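Atoms considered below: every heavy atom in the structure, side chains included; atoms not considered: hydrogens, waters and symmetry mates. For clarity, every value in this text was computed on a predicted model and none was experimentally measured.
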2 protein chains.
Amino acid sequence: MAERGAAQSSASSGESLLFLTDEQLRRGIEAMFFAYRGFTADPDRILENHAYGRAHHRAIHFINRSPGTTVNNLLAILGVTKQSLNRVLRTLVEDGLVESRVGTRDKRERHLYLTDQGISLERELSEAQRTRMRAAYRAAGPDAVAGFRTVLEQMMDPELRHHYFSNTEGGA
Amino acid sequence: MAERGAAQSSASSGESLLFLTDEQLRRGIEAMFFAYRGFTADPDRILENHAYGRAHHRAIHFINRSPGTTVNNLLAILGVTKQSLNRVLRTLVEDGLVESRVGTRDKRERHLYLTDQGISLERELSEAQRTRMRAAYRAAGPDAVAGFRTVLEQMMDPELRHHYFSNTEGGA
DNA sequence: CTTGGAAAGTCAACAAGGCTGACATAAAGT
DNA sequence: ACTTTATGTCAGCCTTGTTGACTTTCCAAG
């Protein structure tokens, strides 16, 4: 309430701060809701044909991003229980989309890799998602894209943010 | 592949188009993933204490946004089956958070309203969500926020987009 | 006035994907 | 030798989505 008052009385440090009204925030909240629906719609349609779900997509995405990643690593990124992740990984390994290799330095660890078949599905999924993203980026323009990314980064949990930034540089 | 090539060879119409590379798109995809996690984290924590889930939150949000909305309207916005929505609405009505009034013009329709108790929970949930949003907006600045909203609007399904824009003007 | 169809509600059954708890195994670390 | 870590697995539970079948209510067109 105190904050709301501060946001709605326009100039406090020289800026207008009108973009911080409750109404503007509500618009942002709904934008996130509807946009996320669009964001997942295309992959979801593809996954149906393969008898997989969003959980499989997430695993495939992050294994593709970081080939050789361990199960524990994936658990930290996805924020689910090992039982939940294991169910997904088991089907992906059984179906020959993911290969699980015992670690060389530490033999307790399993390093995960996409097989050719896994890479093929990953490409199908990510190209559908990129196509929509590309259209949105193109329509919005580079400045809007920069702002989009900035706000999303600020919205992440600080503890989770490093999973996002960890892949800024690094391999491939 | 043809598109990827076009995006990566820099200048085509005068702009750089570097923001359309596959790598930039992948970053955007992951930003959406991690940010959405943050976006839902605070309400999820609150909902646990009330034995409700994200589905209840969504219903409460949109009933609060458009008091008196019908079940069919809500179905179109949320994109779930009536059986799924009904289960959620039933518990909310039973618990006294939502009131379902038979329509006056068309008595088949049910018009949905939040009770005082419902308004109270809505406020608790949305204030948690707005607090995070406000912090992100403030840190990013007004230009970034404008870009954020522009990209999200472009990412929505065209058929769903009007649900987002329908509440631009109108009541309250 | 009758009838077709829309709106809403309900029951049953099922699946995906979360969760907890308990337990097993192998390997690494102390 | 003992403890901790990494992984896997079994069993059972919950939420939230699905389909299909069926009923009641009621508007509106014939």
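Map Arg87(A) and Asp106(A) each onto its nearest nucleotide of DNA chain D; the residue landing nearer the 5' end is Asp106(A).
Connection of Ile29(A) to Phe148(A) is established within a shared hydrophobic cluster, with ILVMFWY side chains joined at heavy-atom distances below 4.5 Å, either directly or through further cluster members. Follow the hydrophobic side-chain contacts under 4.5 Å out from Tyr113(B) and you never reach Ile77(B); the two are in separate clusters.
With a 6.0 Å cutoff to the six-membered ring centre and a 45° limit on the axis angle, Arg149(A) does not count as a cation-pi contact of Phe19(B).
The outermost nucleotides of DNA chain D lying under 4.0 Å from heavy atoms of chain A, listed 5' to 3', are dT5(D) to dC10(D). Think of the region where chain A sits on DNA chain C: with heavy atoms and a 4.0 Å cut, that region ends 5' and 3' at dG17(C) to dA28(C).
Contact check of residues 32-56 of chain B against DNA chain D (heavy atom, cut-off under 4.0 Å) returns Gly53(B), Arg54(B), Ala55(B), His56(B). Near DNA chain D, meaning a heavy atom under 4.0 Å from it, residues 71-83 of chain A has Val71(A), Asn72(A), Lys82(A), Gln83(A) in order of number. Contacts between residues 96-104 of chain B and DNA chain C, defined by a heavy-atom separation under 4.0 Å, are absent.
Using modelled atom types, one side-chain atom of Thr150(A) and one backbone atom of Ala146(A) make a donor-acceptor pair closer than 3.5 Å. Remark: side-chain polar atoms of Arg138(A) are not paired, donor with acceptor, to backbone N or O of Leu17(B) under 3.5 angstrom.
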Mind listing the side-chain donor-acceptor pairs of residues 85-97 of chain A below 3.5 Å, one per line with the distance, residues two or more places apart or on another chain?
unit_1   : atom_1 : unit_2   : atom_2 : d
Thr91(A) : OG1    : His56(A) : NE2    : 3.3
Thr91(A) : OG1    : Val88(A) : O      : 2.9
Asp95(A) : OD2    : Tyr52(A) : OH     : 2.4

